[in-house]
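Letters go in sequence order (proteins before strands), and every chain restarts at 1.
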2 protein chains.
Amino acid sequence: MEERRIATPGTPPDAELELGRLGEFVGFRLRRIQNQLSREFAQVTGRYQLRQGLFSALAIISANPGLSQVMLAREVGLDKSMAVMMVDDLERRGWAERRRSTVDRRRHALYTTEAGEAWLAEMFAALEVVEHDVLDALGKDDLRVLNAILDRVYTACFRG
Amino acid sequence: MEERRIATPGTPPDAELELGRLGEFVGFRLRRIQNQLSREFAQVTGRYQLRQGLFSALAIISANPGLSQVMLAREVGLDKSMAVMMVDDLERRGWAERRRSTVDRRRHALYTTEAGEAWLAEMFAALEVVEHDVLDALGKDDLRVLNAILDRVYTACFRG
DNA sequence: TATTGTTATACTCTATAACTATA
DNA sequence: TATAGTTATAGAGTATAACAATA
């Protein structure tokens, strides 16, 4: 079962087709890549029985111990109600925990557990496999360039 | 009503937060940007009452008159059943039409209508506004670099 | 009054499976 | 047998609105 085949949608586009003016838009490229990547992601993480946002959420909690749910939501770019559900899930699995903040009793301070850190390490390894083809095709340098540009793009999204 | 405010989720992340090892992964950046961009897209296109894929689909039909639905699906990176629904929608709006292919009678050859082209032009203009901040923050050169890298990424997705 | 967390709900996007008609 | 198109359906991901507790 080491097969890496993906169902119908994972088929590459015909080389002859034109993008036309659509090719000028970042949004289009982003979406099609992200669709593809998240299908592969789902394949890998499917074995682990988890939903998309979970991994990112735990990784961010791990990198920022004690952060609040609102902060988490902002960092992943989703609504705070999403943070609630994700943290619920993480807690249920025993990978993260909420502690009432001592400074602001409205807040929950979020922390990873030991089991959470272990799982995180496992997932990082698995995800490197998912992104392997991408990393390969780009090389370290271009990857850095890409990430830097993407960060600028993300920041630019918030200049109203 | 020229406001550009976006509801809760559009709030920028706290600058102090760390991405940690997550920062090495393209998938994460892609998803958060794409979420943000598609929210803005939805804001703009909401007035036009249309769903996400529609614009890309029509643009591709316009750039490749006579293509089949399977080809369309592959180009946008989705399942063929999606193509059916999108073309249904486009036809209902009078922006595209199916004609039985003369060479292979299983196929539908897709074409845009005059109204479709007009609407497409309108949408391209509207979308330039959506991506304006992004384009601004990058500049023509970096944008080209970004698009080129993204295309390589997309292609790399299919090297199983 | 504003913010944090919460719940319930509804909507959009997408894949899957089963089917038909052609090839 | 394989491909193009179709249909119906189920699942994931997400936003919205309304609310309680705390600031």
Closest-nucleotide ordering on DNA chain D, the 5'-leading residue of A/Arg105 and B/Ala109: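 It is B/Ala109 whose nearest nucleotide is closer to the 5' end.
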Residue closer to the 5' end of DNA chain D, B/Ser81 versus B/Asn35 (nearest nucleotide):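 Nearest-nucleotide comparison on DNA chain D picks B/Ser81.
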Sugar-phosphate, base or nothing in reach of B/Arg100, heavy atoms under 4.0 Å: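 B/Arg100: no heavy atom of the nucleic acid under 4.0 Å.
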Separation of B/Glu122 CD from B/Glu117 CD (nearest 0.5 Å):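 So the gap between those two atoms works out to 13.0 Å.
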A/Gln69 vs C/dT6: side-chain N/O to OP1/OP2 distance below 4.0 Å: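 Answer is yes, contact under 4.0 Å.
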Short side-chain N/O contact from A/Arg32 to OP1 or OP2 of C/dT14, under 4.0 Å: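 Indeed not, no polar side-chain atom of A/Arg32 lies that close.
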Closest listed nucleotide, where the reference is the side chain of [X] and the choices are [options]:
X        : options                : result
B/Asp88  : D/dG13, C/dC13, D/dT7  : D/dT7
A/Arg98  : D/dT22, C/dA23, C/dT6  : C/dT6
A/Arg31  : C/dT14, D/dG13, D/dA15 : C/dT14
A/Asp104 : D/dA17, C/dT14, D/dT22 : D/dT22
B/Val70  : D/dA4, C/dT6, D/dA15   : D/dA4

A/Met86 CE to C/dT6 C1', straight-line distance once rounded to whole Å: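 Distance check: A/Met86 CE to C/dT6 C1' gives 14 Å.
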Verify same cluster id: A/Val84, A/Leu90 (apolar side-chain graph, 4.5 Å):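 As far as the 4.5 Å side-chain criterion goes, A/Leu90 and A/Val84 are not connected within one cluster.
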Donor-acceptor pair (no angle test) under 3.5 Å: A/Arg106 side chain, C/dT3 base: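 Present.
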Residues B/Ile149, B/Val153; criterion side-chain contact (heavy atoms from CB on, under 4.5 Å); working and verdict: CA-CA 6 Å; B/Ile149 296 187; B/Val153 170; 4.3 Å; yes
